[in-house]
Amino acid sequence: MIKIFKFGGASVKDAEGVKTLANILQLNKSETILVVVSAMGKTTNALEKLTESYVKQGSDVHQLFGEVKQYHESIMNDLFEDRDHPVFDDVANIFIEIDWILEDEPHPEYDFNYDQIVSIGELVSSRIVGAYLNSIGIKTQWMDARGLIHTNNNHREGKVDLEKTLLAIKGIKETLKDQFIITQGFIGGTSENFTTTLGREGSDYSAAVFASCLEAESLTIWKDVPGVLNADPKLFETTQVYSHIPYIEALEMSYYGATVIHPKTIKPLQNAGIPLFVKPFMQPEESGTRIDGTPDFDRSLPAIIVKKEQVLVSIKSLDLSFIDEATLGTIFSSLSAINIKINMMQVSALSLSICCDYNEAKLDRLIKMLSEFKIRYNTGLELITIRHYTRADIDKIISNRAVLLEQTSRNTAQFVLK
Ligand code: ASP
Ligand code: MG
């Protein structure tokens, strides 16, 4: 049976990380594994900046690109003693493609430029990791995910064509028989052979698509945390690892904004009944978290999910008439047209309040579209969701902060806070 291992950017942020990855594969040498990697460290952010500057024809284009190149060169220098190793040329050739893009005028569609430039992060990362594995005797075949993950041409948010993708991925089973395959997360290709990306943090989703198409035994996401925690350790002092989470609970958590797993990841796995392991990269022998279809779940541990940079929008009709179904219909069509995702909402007699991620451009559009309403909004807020809460949890977490809106159901409590 095939296993899928996914390593995120934090796992391959330096030579040490690449060596740890190699060690994990060494420990699993007898298994059949397809490895999905993200771009190294913060490369995607750096390439996003580069794209922005290129489209504006900024003066720092070459400097920004130089930094990305240098970062990868220094990792290669740490990994390969032999300066004539072919990986140096391979990587240089991938970077040359960006040079060519940068010499040309930007394409009129921003997101097209984005995908051609930002995808390079994953291509280079997988090249370096694959070459390193081969250099230490772990037989690995590099594969270009753009020929496997087929998408439509919706740049930056490519929608995977599952039928075509399944057909392509099935064809790689033979190759997996006597070697590992290394490929990229986050990127795909269109039928015209243009590169697409699947949305930020989309590598988990790519890995899930590979798992489902290969009818894998499991998917393991290797992370720099001990597993799925009940709260973000950057925000809370004490956190605990869930040993088991049912798919449905994982879906709920990612819906409310838990960032440990990309929201789109669970569905393909759930449909195929493939378990997902979230394991600590630095302690590969630890069991981490198992996510699957069995229902047991530790409800005594509240899951705390914090979403920052929220805006609370209050919508009233100008003539102070009631918010009825027809009015809601108008408002929701506008929200849907602008693609505003509601994180929490409440209807009262005269107003509708919605909490969503702050996006200035989208908010401006909403105000224009709903000109027959009076719209007020409050930015810089935080939305805290607590699943499986007790009163004591709420008191402790919210303590004396100003609550602008709150909602509790049997399992979930949500608070919009200043
Ligand atoms: N490298 C991409 C990102 O940082 C995809 C991923 O890491 O999942 O968004
Ligand atoms: Mg990442």
Side-chain angles (χ1 to χ4, degrees), residues 4-14 17-18 20-21 34-52 64-65 67-69 71-72 75 91 94-95 98 110-111 113-130 142-146 148-149 151 154-160 182-189 195-212 219-225 228 232 234 250 254 257-269 276-279 281 291 309 357:
I4 313 294
F5 280 8
K6 183 258 170 176
F7 296 90
S11 315
V12 289
K13 68 175 194 302
D14 51 24
V18 177
T20 310
L21 176 158
L34 177 129
V35 181
V36 174
V37 291
S38 300
M40 294 176 151
K42 302 263 178 252
T43 301
T44 305
N45 292 352
L47 291 171
E48 277 188 346
K49 267 202 197 135
L50 174 62
T51 308
E52 214 181 302
L64 291 170
F65 186 32
E67 285 166 11
V68 172
K69 283 197 220 173
Y71 168 61
H72 289 88
I75 294 179
V91 166
I94 299 175
F95 281 137
I98 297 199
Y110 187 94
D111 294 348
N113 295 300
Y114 179 101
D115 282 354
Q116 312 318 305
I117 294 176
V118 172
S119 56
I120 296 284
E122 266 68 13
L123 290 170
V124 169
S125 161
S126 57
R127 270 281 178 217
I128 296 174
V129 173
W142 183 88
M143 278 199 188
D144 192 330
R146 295 173 298 181
L148 301 169
I149 304 280
T151 74
N154 191 4
H155 287 286
R156 247 175 122 165
E157 209 48 75
K159 189 173 178 306
V160 175
I182 179 146
T183 189
Q184 309 80 40
F186 182 55
I187 71 173
T195 306
T196 49
T197 60
L198 310 179
R200 282 305 304 265
E201 305 302 331
S203 292
D204 291 354
Y205 174 57
S206 302
V209 171
F210 277 107
S212 125
L219 162 60
T220 305
I221 297 183
W222 297 93
K223 297 212 62 123
D224 55 353
V225 286
V228 178
D232 183 345
K234 287 187 211 107
S254 66
T259 52
V260 63
I261 317 154
H262 189 278
K264 287 200 286 192
T265 312
I266 304 293
K267 263 276 151 249
L269 299 175
L276 166 63
F277 295 96
V278 179
K279 288 198 187 196
F281 181 64
I291 299 169
E309 288 184 51
D357 297 349

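When a ligand or atom number is given, it counts from 1 through the structure's own listing order.
Of all atoms in ligand 1, numbered sequentially from 1 with element shown, those under 4.0 Å from a heavy atom of Ser203 are 5 (C), 6 (C), 7 (O), 8 (O). Residue-ligand proximity, Phe186 to ligand 1, at heavy-atom distances under 4.0 Å covers atoms 2 (C), 5 (C). Within ligand 1, the atoms closer than 4.0 Å to a non-hydrogen atom of Arg200 are 3 (C), 4 (O), 9 (O), numbered from 1 in the order shown.
Counting heavy atoms from C-beta on, the side chains of Thr197 and Phe186 come closer than 4.5 Å. Counting heavy atoms from C-beta outward, Asn154 and Lys159 have side chains that stay 4.5 Å or more apart. Between Asp144 and Gln184 the shortest side-chain heavy-atom distance falls below 4.5 Å. Lys6 places a side-chain heavy atom less than 4.5 Å from the side chain of Ser38.
Using cut-offs of 30° and 60° for the angle between ring planes, the Tyr114 and Tyr110 rings count as tilted.
Listed for the Thr195 side chain is no donor-acceptor partner under 3.5 Å among the backbone atoms of Asp115.
Checked by distance only, ligand 1 and Glu201 come closer than 3.5 Å through their nitrogen or oxygen atoms.
The proximity of Ser38 to ligand 1, defined as any non-hydrogen pair under 4.0 Å, is limited to the side chain. Residue Glu122 touches ligand 1 through its side chain alone, judged by heavy-atom distances below 4.0 Å.
Ligand 1 lies out of reach of Gly185, whose nearest heavy atom is not under 4.0 Å from it.
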